[in-house]
**Student:** 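First the structure, then my questions, so here it is.
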2 protein chains.
Amino acid sequence: MARPDHRRLILETLQKQEQPISAQALFAQLRQQGQTIGLATVYRILSHLRREGLLCCHGQPEGEILYSLAEHHYHYLTCIRCRRMIRLPACPWQEWEKTLKFPEPFQVLYHELQLFGLCHLCQGLPKEVGGSKTPLQ
Amino acid sequence: MARPDHRRLILETLQKQEQPISAQALFAQLRQQGQTIGLATVYRILSHLRREGLLCCHGQPEGEILYSLAEHHYHYLTCIRCRRMIRLPACPWQEWEKTLKFPEPFQVLYHELQLFGLCHLCQGLPKEVGGSKTPLQ
DNA sequence: AATTGAGCGAGAACGATTATCATTATCTTG
DNA sequence: CAAGATAATGATAATCGTTCTCGCTCAATT
Ligand SMILES: [Mn+2]
Ligand SMILES: [Mn+2]
Ligand SMILES: [Zn+2]
Ligand SMILES: [Zn+2]
């Protein structure tokens, strides 16, 4: 039986995503499509892609890591209260790059920018007084 | 016996750190100072501070989360090859903030910016051929 | 065909975070 | 002040994302 090209499979799946996706969710999605792939392989390939600078890794405050392709990447406003992620229309890096001064020569291959705060739905809500039982996820 | 003000204790300890610190390390440091505090309480208070937007949460690729006060923070150039981290002299956010247009009203409480690429020492080196066993970050 | 080595998947191991629960301090009320 | 209600605490267990381990399979090479 021919070995499926897992790397290409993962790249294509990442390309289809509208939002950054976790390794576990990626694994579940592939399995649901009938693919025979192991969780370890998903993590292995993601590590490879990361080393090559092809992946954007969005480390969430809860520890889970979301992945997206570095080429056409987006940045998000993340509400620390309701966890909603709002995509910015464009990456501002091209503009910003000119104004940045590095302490030493450095070739930037990709970048991560995450903005955390309160969305307009959560700004007006009363402060949690009690135990604040709402999970941060 | 009077209950100690754990929240103040944690805020003061965070203020002393030169680098972002994990919850576990924070707990160990407090215990080493002779404080009687539980790990659960550390996590509880960190959750509270996070909800209030006082904390910068740096999710590491291995799942560990590093915390720092949102007031004074730094950004780094990270070499994906030798893993060296070069600290930027200043946070460029104040300048950039003016030029950003949000798709909806959003109150930014803190941000995370990381630049990945090749440092000047690693730019000329040949590509890794072997197993690339170097741990990621 | 035999050898070699990289890639694979299932599951165990790991570790950080979260949930649980009995206990204790603090607040409320009379 | 006494007594009950409420909230905070810390030890421990449970959870869960990630990494490690280990036979196994496949494909390239000889
Ligand atoms: Mn960008
Ligand atoms: Mn900054
Ligand atoms: Zn929100
Ligand atoms: Zn380097």
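Below, chains carry the letters A, B, ... as their sequence lines are ordered, and counting in each starts from 1.
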**Student:** Might you point out which heavy atoms bring B:Cys119 and B:Ile86 nearest each other, and give the distance in Å?
**Tutor:** CB-CD1, 4.3 Å
**Student:** Which residue, A:Val42 or B:Leu66, contacts DNA chain C at a nucleotide closer to its 5' end, judged by nearest heavy atom?
**Tutor:** A:Val42
**Student:** Given atom CZ of B:Phe27 and atom P of C:dT17, what is their separation to the nearest angstrom?
**Tutor:** 13 Å
**Student:** Roughly how many Å is it from OH in B:Tyr43 to C1' in C:dA16, rounded to a whole number?
**Tutor:** 5 Å
**Student:** Rounded to the Å, how far apart are B:Arg44 CZ and C:dT18 C1'?
**Tutor:** 10 Å
**Student:** Send over the distance from A:Leu39 CG to D:dT21 C1', rounded to a whole Å.
**Tutor:** 14 Å
**Student:** Measure the distance from CD on A:Gln24 to P on C:dA10 and round it to the nearest whole Å.
**Tutor:** 14 Å
**Student:** What do the steps show when you test A:His6 against A:His48 for ring-ring contact (aromatic ring centres under 6.0 Å, His included), and what is the final call?
**Tutor:** CA-CA 12 Å; A:His6 286 140; A:His48 290 169; over 10 Å; no
**Student:** Parallel, tilted or perpendicular: which describes the rings of B:Trp93 and B:His111, with under 30° parallel and over 60° perpendicular?
**Tutor:** tilted
**Student:** Which heavy atom of B:Leu14 sits nearest to which heavy atom of B:Tyr67, and what is that distance?
**Tutor:** CD2-O, 4.1 Å
**Student:** Under a 3.5 Å threshold, yes or no: a donor from one side chain and an acceptor from the other, between A:Glu71 and A:Gln15?
**Tutor:** yes
**Student:** Identify whether the distance between the nearest side-chain nitrogen and carboxylate oxygen of B:Glu52 and B:Arg7 falls below 4.0 Å.
**Tutor:** yes
**Student:** Give the rounded distance in Å between these two atoms: CG of A:Asp5 and C1' of D:dC26.
**Tutor:** 14 Å
**Student:** When hydrophobic residues are tied together by side-chain contacts of less than 4.5 Å, even through go-betweens, does B:Leu69 share a cluster with B:Leu66?
**Tutor:** no
**Student:** When you get a sec, tell me which of C:dA10, C:dG9, C:dT17 is the closest nucleotide to the side chain of A:Thr41?
**Tutor:** C:dG9
**Student:** Could you tell me how far apart B:Arg50 (CZ) and C:dT17 (P) are, to the nearest whole angstrom?
**Tutor:** 9 Å
**Student:** At a heavy-atom distance below 4.0 Å, what parts of residues 7-22 of chain B sit against DNA chain C?
**Tutor:** none
**Student:** Counting only N and O atoms by type, is there a donor-acceptor contact under 3.5 Å from the side chain of A:Thr13 to the main-chain atoms of A:Leu9?
**Tutor:** yes
**Student:** Could you state the NE2-C1' distance from A:His6 to C:dA10, rounded to the nearest angstrom?
**Tutor:** 14 Å
**Student:** Between A:Phe116 and B:Phe106, which heavy-atom pair has the shortest distance, and what is it?
**Tutor:** C-CE2, 4.0 Å
**Student:** Dump every N/O contact between nucleotides 1-6 of chain C and the protein below 3.5 Å, one line per pair.
**Tutor:**
none

**Student:** Heavy-atom nearest nucleotide on DNA chain C for A:Ala40 versus B:Ala2: which residue maps closer to 5'?
**Tutor:** A:Ala40
